[in-house]
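Input: a single structure, listed below in structure tokens.
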Amino acid sequence: MNHLLKLGDLSPAEIEEVLNLADQLKYDQKHGVDHRYLKGKTLGMIFQKSSTRTRVSFETGMYHLGGQAMFLSSRDLQIGRGEPIEDTARVLSRYLDGIMIRTFAQQEVEDLAKYGSIPIINGSTDYCHPCQVLADLMTIREHKGALQGLKLTFVGDGNNMANSLIVGGIKTGMEVAVACPKGYEPDADIMKWAAANGKFTCTDDIAAAVKDADAVYTDVWASMGQEEEKAEREKVFKSYQVNEEFMALAHKDAMVMHCLPAHRGEEITAETFEKHADEIFDEAENRLHAQKAVLVLTMGDKK
Ligand code: CP
Ligand code: NVA
């Protein structure tokens, strides 16, 4: 694996390789077995948006693997003053062994990979969030034993999370259903690809999407960068809430998932969130393990 720019670039076998290594690294970490696969290596972490999980899990992951991570806020980098991405990519490639970037435009991530000569990892863009979904797939597999044939339902905005969940779900043999208001659908090309490559539906009927689901996923109504649309979105998404009423339509033992941060009383009720807190925080923990696997497979000698 050279980069992790989006899940669409990975084959099902590569996704499985990440998940298997993530499971192994999690097991070893819990049993006190260290792996210094990235000894002496440095990961640069460029953030153009806020982060709790992504920043802390990547930084800790690099430390566990014997390397170090460097937090690079775009406010302080020359990128913030207009230095082109193609120059930044070539300069940072001379110092670092890998870059993790969280930004707005997917094109910036693709350009870093195009002009740089080190592995690039997407820490989320407006288009997708591949690291989160690798952790999500790991968590579903951990709880359910396998992914093939399960039904994964996403309720809410057709945003970066929806896009990556569709791709990750279809590539691992799950049925994927999305419930979102009209006009807020996931990426049109991704939906077309999903319909041609697996079992996929997109509807504004939440009950139909949630029916018989094995995992019900939701995310905020307004993503980072959409703060000005917040009031309008609160009206549009009002009924797109994961709650006990809708969960009654899913499988009896269905999981509830959230990438976090969560807004209780908006996309999920406090009651449903707390009922499924173990799953949701396993999911958050698995960011660390899944990303350690990605770091090893892109930056390590295992690649
Ligand atoms: N889920 C996620 O990516 O969280 P952060 O925004 O805190 O990194
Ligand atoms: N859709 C959210 C995900 C945060 C992890 C956002 O982009 O803000």
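Counting starts at 1 for both ligands and their atoms, in listed order. Every heavy atom of this structure was used, including side-chain atoms; hydrogens, water molecules and symmetry mates were not. Since this is a predicted model, take the numbers as computed values, not measurements.
- Not a single heavy atom of K49 sits less than 4.0 Å from an atom of ligand 1.
- The distance between the ring centers of Y184 and F237 falls below 6.0 angstrom.
- Counting atoms of ligand 2 from 1 in the listed order, those under 4.0 Å from a heavy atom of N160 are 1 (N), 2 (C), 6 (C), 7 (O).
- Of all the atoms in ligand 1, the ones that sit under 4.0 Å from a non-hydrogen atom of H129 are 2 (C), 3 (O).
- Considering only non-hydrogen protein atoms, atom 7 (O) of ligand 1 sits nearest to T52 N, 2.6 Å.
- Remark: R55 qualifies as a cation-pi partner of F71 under the 6.0 Å distance and 45° angle criteria applied to the six-membered ring.
- Atoms of ligand 2 found under 4.0 Å from any heavy atom of L260, numbered from 1 in the order shown, are 5 (C).
- Below 3.5 Å of separation, one finds no N or O of P261 facing any N or O of ligand 1.
- For atom 2 (C) of ligand 1, the closest heavy atom belonging to the protein is R287 NH1, 3.2 Å.
- For atom 3 (C) of ligand 2, the nearest non-hydrogen atom from the set D219, V220, T54, N163 belongs to D219.
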Take K6 and N122, measure what side-chain hydrogen bond (donor to acceptor under 3.5 Å, both in side chains) needs, and give me the verdict at the end. CA-CA 7 Å; K6 53 186 179 299; N122 184 338; over 6 Å; no
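- Atoms of ligand 2 lying under 4.0 Å from any heavy atom of M224, numbered from 1 in the order shown and given with element: 6 (C), 8 (O).
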Before giving the answer on side-chain hydrogen bond (donor to acceptor under 3.5 Å, both in side chains), spell out for E267 and H258 the whole-Å C-alpha distance, their side-chain angles and the decisive distance to 0.1 Å. CA-CA 10 Å; E267 76 274 6; H258 197 307; 2.7 Å; yes
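- The salt bridge (charged side-chain N to carboxylate O under 4.0 Å, His left out) test with E285 is passed by exactly one of R53, K30, K292: K30.
- Using a 4.5 Å cut-off on side-chain heavy atoms (C-beta onward), Y127 and N163 make contact.
- By the 4.0 Å heavy-atom criterion, D157 is excluded from the residues contacting ligand 2.
- Backbone and side-chain nitrogen or oxygen atoms of L260 are examined, and one is located within less than 3.5 angstrom of a nitrogen or oxygen of ligand 1.
- When hydrogens are left out, the protein atom nearest atom 4 (O) of ligand 1 is R53 NE, 2.8 Å; that is the closest non-hydrogen contact.
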Working for side-chain hydrogen bond (donor to acceptor under 3.5 Å, both in side chains), residues Q24 and D28: CA-CA 6 Å; Q24 184 67 49; D28 288 350; 3.1 Å; yes
Could you give me the CA-CA distance, side-chain angles and deciding distance for N286 and E142, then say whether side-chain hydrogen bond (donor to acceptor under 3.5 Å, both in side chains) is met? CA-CA 10 Å; N286 285 340; E142 213 170 50; 3.1 Å; yes
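- Polar contact with ligand 2: absent for K49 (N/O pair, distance under 3.5 Å).
- Minimum interatomic distance between Q241 and V155 (heavy atoms only, all atoms of both residues): N-CG1, 4.4 Å.
- Not close to ligand 1: R55, with no non-hydrogen atom less than 4.0 angstrom away.
- Figure legend: cation-pi geometry between R264 and F273, with NZ or CZ positioned under 6.0 Å from the six-membered ring centre and within 45° of its axis.
- Distance from atom 6 (O) of ligand 1 to its nearest protein heavy atom, with residue and atom name: R102 NH1, 2.8 Å.
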